[in-house]
Amino acid sequence: MGPQGLPPLLLMLLDCWASVSAQTRATPPVTTEGLNSTEAVRTTLRPALSPRPHGTPKAPVPTSGPRPTPVTDVAALCVCDLTPAQCDVNCCCDPDCSSMDFSVFSACSVPVVMGDSQFCSQKAAIYSLNFTANPPQRIFKLVDQTNPSIFCIHITNYEPALFFINPEVPDENNFDKLMKTSDGFSLHSESEISFTTQSDSPDTGKYKYGARLQTSDSFLRFPSPLTSSLCTDDNPAAFLVNQAVKCTRRINLEQCEELEALSMAYYSSPKILRVPGLGTKGEIPITVLSIFIQSLNKTLTRLEDVAVLNQTLVEAGDVKICTNVVLEAKYSVTYTDAGEITQAGLALLLGTVSRAVVPLEQKFEIHFIQQNTKPVPLSGNPGYVVGLPLAAGFQPQKGSGIIQTMNRFGQLTVLRSTAEQDCLAVEGIRTPVLFGYDMQSGCKLRLPKAITCQLAVQKVKSLLKGQGFPDYVAPFGDSQAQDVLDWVPIHFITQASPMKDSCQLPVALVIEVKWTKYGSLLNPQAKIVNVTASLLSSSFPETNSGNERTVLISTAVAFVDASAPAEAGFRARPTINAKLPFNFFFPFV
């Protein structure tokens with residue numbers, strides 16, 4: 001290098017020295033605090049060296065500038081302090097810990113608490129333990145750490161980017177100014193409008209869970225109680241939501257022929273759409289499967305003809321009665337895996353009303369049955385195999401077969417325990433009952449202060465039993481659905497508390513499954529012989545204190561081996577069964 005190259009080299013060295021000096025002066029000393037000691041720690045930012053062409057003026061090096069303010073103070077932040085007013089184990093930043101607590105610590109679970117990692121210089125709180133002291137002490141240091149990344153934030157020179165800009169709301173004073181800054185109005189073409197309308201239209205592909213069952217004119221109405229026990233007729237039937245409700249209806253006997261909700265045609269005339277939005281070409285009529293007539297003395301008569309009957313007001317002397325009034329209506333809707341309705345059936349119970357003004361009680365049910373298009377895996381052949389789910393189902397009406405869901409892991413289920421232990425959070429999340437596995441689960445239900453006993457009981461029962469609790473359990477793993485007499489019915493037992501002047505709230509569901517070894521001793525098969533579901537209730541006093549109450553709900557499943565032990569049998573000893581002739585000892589005797 002010649003003499004002419006010396007001045008540029010000196011200028012570059014002086015530039016680097018000035019940058020380092022400026023950053024060193026800008027970094028203040030940071031104190032480090034312990035329990036009984038204080039020490040000073042100084043950190044220095046490393047300078048970034050970059051070549052600069054000869055003759056280019058040097059840009060001024062800013063010693064300070066606008067920088068985003070840290071959101072949290074790392075000295076006051078303790079991420080391992082999880083228990084209030086108590087010392088957490090190995091949490092060195094917990095202010096509730098004393099010197100005696102530090103003596104049992106093994107190490108700091110969180111040794112470093114840092115600020116924003118995107119800054120070139122960031123605060124860091126360092127915690128450590130001094131085991132040489134007696135008693136052991138906690139050492140705390142607050143230092144400035146340097147981010148080695150070349151993309152770190154050192155100075156923020158665009159100050160508006162640190163804040164949200166409040167939009168200016170148009171009014172009568174600034175409307176003209178905003179019109180000049182904007183591009184004016186935008187008009188949509190007819191193609192864009194038609195496209196938007198088409199995208200907002202309902203999906204015509206399939207029904208989804210909870211969607212309304214659409215009919216040709218509206219939706220399938222399913223009466224149910226809303227805020228009281230009175231029937232509300234505008235409640236829609238939802239897809240895959242099994243319901244069984246009971247409500248009352250106050251009627252005037254003189255107007256019984258005018259009330260649509262009492263007529264048979266009100267429930268049998270709607271036509272359900274095969275898929276949503278398909279129109280009249282995809283209508284599924286509701287088939288009346290059976291009609292039973294209930295007389296005034298509660299006797300039942302099944303009608304052979306399923307024609308539509310209208311309610312009629314009849315005068316018998318001085319007494320007026322209204323016949324063919326709908327008391328019960330049970331829907332059974334069959335669907336496929338593609339969310340398509342294929343069949344809809346209806347079973348009706350008609351009765352007679354004799355009083356002038358009566359609170360008529362009506363019952364309504366709706367069940368969804370998946371069409372069996374695929375073979376269902378078995379839980380055993382023939383006996384149950386340990387670890388496979390129990391086969392269960394329900395019988396919609398007498399004389400029909402057992403109805404089972406396609407999901408064999410959802411035929412008989414109980415509550416599933418989670419870490420949150422919140423019943424409302426796990427509602428609908430169930431676990432199947434597996435053969436041979438005893439299970440126990442539970443959760444906590446928070447009841448608001450304004451809830452009544454009837455609503456609380458209904459809510460707890462739905463949580464314990466789930467949706468569509470079965471009525472029968474298959475005795476073997478390969479039992480056929482048409483062999484109804486072979487299936488084992490589930491016996492429900494309700495055990496209430498002896499206290500009468502209180503709300504009897506169900507708190508537990510205990511399912512006991514008794515099984516036996518069936519067949520040959522060389523290859524015994526597991527057979528279920530009895531299933532009992534006990535609903536345990538506890539006295540829950542109704543109070544108006546206004547406090548929120550918490551109830552612990554639990555479910556349990558127990559399998560009991562009821563088979564008699566095999567007894568060893570021995571062959572009988574041989575005996576001589578011989579008789580002498582009657583004159584054998586003649587003539588001596």
Side-chain angles (χ1 to χ4, degrees), residues 205-215 219-222 224 236-245 267-268 270-276 278 282-292 306 328-349 363-379 389-413 428 430 432-433 462 465-474 478-490:
K206 61 179 181 179
Y207 280 103
K208 297 181 180 180
Y209 177 82
R212 296 181 179 182
L213 292 184
Q214 298 183 11
T215 59
F219 54 85
L220 183 63
R221 290 176 171 83
F222 187 80
S224 66
F239 183 65
L240 294 184
V241 179
N242 297 332
Q243 301 184 55
V245 299
Y267 304 97
S268 61
K271 296 181 179 180
I272 305 176
L273 299 184
R274 185 182 300 271
V275 292
L278 190 58
E283 295 178 343
I284 303 296
I286 298 178
T287 305
V288 179
L289 303 177
S290 63
I291 300 177
F292 285 86
V306 291
E328 295 183 12
K330 298 181 180 179
Y331 290 98
S332 58
V333 181
T334 306
Y335 67 97
T336 62
D337 295 339
E340 180 180 344
I341 303 296
T342 59
Q343 189 178 0
L346 176 64
L348 293 169
L349 174 62
K363 297 180 181 180
F364 304 97
E365 295 183 12
I366 183 169
H367 296 279
F368 290 86
I369 307 168
Q370 189 171 9
Q371 186 174 352
N372 191 3
T373 56
K374 300 179 181 179
V376 180
L378 302 177
S379 296
L390 266 62
F394 63 93
Q395 187 180 21
Q397 58 183 357
K398 292 183 179 180
S400 65
I402 300 297
I403 304 301
Q404 298 176 262
T405 61
M406 290 294 297
N407 182 16
R408 64 171 184 159
F409 290 93
Q411 295 179 3
L412 180 59
T413 59
R430 314 278 294 181
V433 177
S462 64
K465 299 176 65 176
Q467 182 179 353
F469 195 83
D471 301 329
Y472 292 89
V473 173
D478 62 346
S479 297
Q480 301 297 321
Q482 60 268 20
D483 301 332
V484 183
L485 298 179
D486 295 339
W487 286 60
V488 180
I490 299 178

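Every value quoted in this text rests on a predicted model; they were computed, and no experiment measured them. Note that the numbering runs from 1 along the sequence shown for the chain.
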Write down the atom of [X], the atom of [Y], and the distance for their closest heavy-atom approach.
| X | Y | value |
| --- | --- | --- |
| I284 | A344 | CG2-N, 4.2 Å |
| I366 | A237 | CD1-CB, 3.9 Å |
| W487 | Q480 | NE1-O, 2.8 Å |
| Q404 | A391 | NE2-CB, 3.9 Å |
| G468 | N242 | CA-ND2, 4.2 Å |
| G210 | A238 | O-CB, 3.7 Å |

Residue among Q214, R212, K208 satisfying side-chain contact (heavy atoms from CB on, under 4.5 Å) with P276 = Q214

Please step through side chain to side chain contact (heavy atoms under 4.5 Å, CB included) for the pair Q370 and Y335, ending with a clear verdict.
-> CA-CA 5 Å; Q370 189 171 9; Y335 67 97; 3.6 Å; yes

Flag side-chain contact, heavy atom, 4.5 Å: [X] against [Y]:
| X | Y | value |
| --- | --- | --- |
| L213 | F368 | yes |
| S332 | L289 | yes |
| L220 | I286 | yes |
| Y207 | I272 | yes |
| F239 | I341 | yes |
| V484 | I402 | yes |
| L273 | E283 | yes |
| F364 | E328 | no |

[atom1]/[X] to [atom2]/[Y] distance, rounded to the nearest 0.5 angstrom?
| X | Y | atom1 | atom2 | answer |
| --- | --- | --- | --- | --- |
| K330 | L348 | NZ | CG | 11.0 Å |
| T405 | Q411 | OG1 | CD | 4.5 Å |
| L390 | T413 | CG | OG1 | 11.5 Å |
| F409 | S379 | CZ | OG | 7.5 Å |
| D471 | I403 | CG | CD1 | 11.5 Å |
| I369 | F394 | CD1 | CZ | 5.0 Å |

Is it true that a side-chain atom of Q467 and a backbone atom of L240 form a donor plus acceptor pair closer than 3.5 Å?
-> yes

